[in-house]
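Taking it in order: structure first as structure tokens, then the write-up.
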Amino acid sequence: MKKLWILVGVFALFGLSFVFSYNNLIAAQEQVNQSWAQVENVYQRRLDLIPNLVATVKGYASHERQTFLEVTQARAQATQAISPQVLNDPQKFAAFEQSQAALSGALSRLLVVVERYPDLKANQNFLELQAQLEGTENRITVERHRFNEAVEIYNIKLRTFPTSLIAK
């Protein structure tokens, strides 16, 4: 009878370990998803700032059409690339990354145009938009770093025992 209780105890400990490991894995996966949602959130904030920035610059540099067109097209592509399935599809993730890089390049060219217009650089509305854009770029960096940390924790849990048995 004593051996039976020992055996039941061992199985109970194994079962609790299994449940605990499984729950930790789910929590880590949810942290990855939440972190990615925050990354998308700050990218969306950047996308929302761009039309106001372009409109302000257009008022001063209306003949810079090609630059405005590039920024608008890059914004449209970046907007389309944001989707909940980005993390689950490597091709969508690559397209997302590519569209964000194109948008960053277009914004850089727009800011080079701004350098040619001293009156624009003194415009309070432009200065506020530029400060918000800088803050958003910093937030993007911070949130991507947090996302990478969450993914690292999740990957470690996937590869460590006993969670590695459960993950399969």
Test item: Leu49 and Leu129 side chains (from C-beta on) under 4.5 Å apart, heavy atoms:
yes
If we count only N and O atoms by modelled type, under 3.5 Å, do the side chains of Asn123 and Tyr60 hold a donor and an acceptor together?
yes
Step by step, work out the ring pair (Phe, Tyr, Trp, His ring centres under 6.0 Å) result for Phe96 and Tyr43.
CA-CA 11 Å; Phe96 175 84; Tyr43 274 124; 5.2 Å; yes
Decide whether Arg46 and Ser104 meet the rule of one side-chain donor and one side-chain acceptor closer than 3.5 Å.
yes
State, with a plain yes or no, whether a side-chain heavy atom of Val142 is found less than 4.5 Å away from one of Val42.
no
Between Glu64 and Lys58, is the closest basic N to carboxylate O distance under 4.0 Å?
no
Which residue, Glu149, Glu97, Glu40, Glu137, forms the salt bridge (charged side-chain N to carboxylate O under 4.0 Å, His left out) with Arg144?
Glu97
Is the shortest side-chain heavy-atom distance between Phe68 and Leu110 below 4.5 Å?
yes
How about CD on Gln85, more than 12 heavy atoms from neighbouring residues, nucleotides or ligands closer than 6.0 Å, or not?
yes
Quick check: do Gln77 and Gln73 have side-chain heavy atoms less than 4.5 Å from each other?
no
Distance alone, cut at 3.5 Å: any donor-acceptor contact between the side chains of Arg139 and Gln38?
no
What verdict does the side chain to side chain contact (heavy atoms under 4.5 Å, CB included) test give for Val151 and Trp36, after you've listed the backbone C-alpha separation in whole Å, the side-chain angles of each residue and the deciding distance to 0.1 Å?
CA-CA 10 Å; Val151 169; Trp36 182 251; over 6 Å; no
State, yes or no, whether a side-chain contact exists between Arg75 and Asp48 at a heavy-atom distance under 4.5 Å.
yes
Count the heavy atoms belonging to other residues, nucleotides or ligands that lie under 6.0 Å from CD of Gln34, then report whether that count exceeds 12.
yes
Can you confirm whether the side chains of Tyr154 and Arg159 place a donor and an acceptor under 3.5 Å from each other?
no
How about Ser35 and Gln31: does a side-chain donor come under 3.5 Å of a side-chain acceptor?
yes
Before you tell me yes or no, could you show the steps for Thr67 and Val57 under side chain to side chain contact (heavy atoms under 4.5 Å, CB included), namely the whole-Å CA-CA distance, both residues' side-chain angles and the distance that decides it to 0.1 Å?
CA-CA 10 Å; Thr67 303; Val57 175; over 6 Å; no
